[in-house]
Amino acid sequence: MGTVIDAATKDNDGSALASKKVTIIFVLGGPGSGKGTQCANIVQHYGYTHLSAGDLLRAERDSGSENGTMIDNMIAEGKIVPSEVTIKLLERAILETDNDKFLIDGFPRNEENRAAFESVTGIEPEFVLFFDCSEEEMTRRLLSRNQGRTDDNIETIKKRFKVYMESSLPVIEYYNSKGKVRRPIIYICP
Ligand SMILES: *[C@@H]1O[C@H](CO)[C@@H](O)[C@H](O)[C@H]1NC(C)=O
């Protein structure tokens with residue numbers, strides 16, 4: 001489940017997306033680093049469409065999808081949803097949107113996500129916007145956000161940080177080794 005090969009061979013939308021020429025920027029950073037807020041600013045000024053992987057997954061969960069319960073459990077436990085599922089949602093959103101410039105926030109969250117996305121869609125990001133913030137600050141923000149999200153409690157937050165450090169930072173390191181990571185100039189870790 002969720003291996004690169006699986007995702008690459010099973011998915012038919014991949015070819016559809018390959019025929020739409022798009023520019024993609026991945027927006028990465030720890031939970032609570034302010035990615036979503038910053039994306040809203042970029043959208044306003046540069047005409048990108050913002051796609052939040054987390055928002056797409058929560059909408060899919062709430063739509064009564066066959067994978068709703070699985071998605072719900074993964075989110076509540078701070079785990080990473082299988083690549084297949086998230087990639088399908090991203091592809092659908094990109095195809096449904098009449099724009100060719102996308103900011104994808106909160107994805108890829110591990111190396112497997114990254115490799116699967118690149119092989120399924122044939123798309124490499126233009127660059128990665130990296131919001132670097134201390135764990136202490138991010139925790140403070142998440143706890144005060146209080147938007148009723150099931151994953152904004154101290155126990156899940158700790159798990160999310162562990163996953164972020166172990167799985168997501170290597171993705172940033174990978175893109176950094178390819179010279180693709182940019183840190184926003186005007187970003188004060190909240
Ligand atoms: C549900 O998850 C499975 C396993 O990851 C996947 O193969 C299937 O396509 C998913 N269904 C939907 C509607 O996304």
Side-chain angles (χ1 to χ4, degrees), residues 1-31 35-36 39 48-125 128 147-153 155-172 174-175:
M1 185 179 77
T3 64
V4 175
I5 296 187
D6 265 352
T9 50
K10 266 198 225 147
D11 204 297
N12 297 322
D13 295 344
S15 51
L17 186 48
S19 67
K20 179 173 179 177
K21 200 162 166 14
V22 294
T23 300
I24 282 175
I25 296 173
F26 286 142
V27 182
L28 299 175
K35 299 187 294 288
C39 282
Y48 278 78
T49 295
H50 175 208
L51 298 177
S52 155
D55 285 352
L56 289 171
L57 287 166
R58 283 184 286 274
E60 177 72 1
R61 171 195 65 189
D62 297 340
S63 75
S65 145
E66 59 166 329
N67 288 327
T69 309
M70 182 271 288
I71 294 172
D72 196 39
N73 289 336
M74 302 296 269
I75 290 175
E77 287 173 34
K79 291 184 181 160
I80 299 172
V81 172
S83 297
E84 247 181 299
V85 174
T86 314
I87 291 172
K88 206 174 284 182
L89 295 173
L90 288 168
E91 281 181 328
R92 197 198 293 159
I94 291 170
L95 287 169
E96 279 172 3
T97 306
D98 189 23
N99 191 357
D100 56 4
K101 303 195 306 186
F102 295 88
L103 288 176
I104 296 183
D105 135 35
F107 181 94
R109 294 183 58 201
N110 60 17
E111 274 292 292
E112 199 266 327
N113 271 178
R114 178 194 67 70
F117 182 85
E118 290 186 1
S119 79
V120 169
T121 65
I123 298 170
E124 278 194 36
V128 172
Q147 289 171 344
R149 275 178 45 171
T150 54
D151 53 351
D152 283 350
N153 61 79
E155 226 158 79
T156 305
I157 288 170
K158 279 186 189 149
K159 290 182 192 161
R160 288 162 70 195
F161 277 124
K162 192 166 170 344
V163 169
Y164 172 68
M165 301 297 280
E166 290 175 1
S167 305
S168 307
L169 279 182
V171 175
I172 294 160
Y174 169 85
Y175 284 123

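As the structure lists them, so they are numbered: ligands from 1, and atoms in each ligand from 1.
The distance from ligand 1 to the heavy atoms of V85 drops below 4.0 Å at these ligand atoms: 2 (O), 5 (O). The N67 neighbourhood of ligand 1 comprises atoms 1 (C), 2 (O), 3 (C), 8 (C), 10 (C), 11 (N), 12 (C), 14 (O), with distances under 4.0 Å to a heavy atom of that residue. Close contacts of ligand 1 with K88, meaning ligand atoms under 4.0 Å from a residue heavy atom, involve 9 (O).
In plain terms, the two heavy atoms of A53 and T86 that are nearest each other are CB-CG2, 4.2 Å.
We find that E118 and R114 are joined by a salt bridge, their nearest charged nitrogen and carboxylate oxygen being less than 4.0 Å apart.
With sequence neighbours excluded, the residues forming a side-chain contact (heavy atoms from CB on, under 4.5 Å) with S167 are I80, N110, V163, listed by chain and number.
With 3.5 Å as the limit, one finds no donor-acceptor pair spanning the side chains of D72 and T69.
Ring orientation note: the planes of F26 and F117 are nearly perpendicular, at an angle over 60° on the 30°/60° scale.
In terms of polar-atom proximity, E60 is not counted as a contact of ligand 1, lacking any N or O under 3.5 Å from an N or O of the ligand. Not a single N or O atom of S65, backbone or side chain, sits closer than 3.5 Å to an N or O atom of ligand 1.
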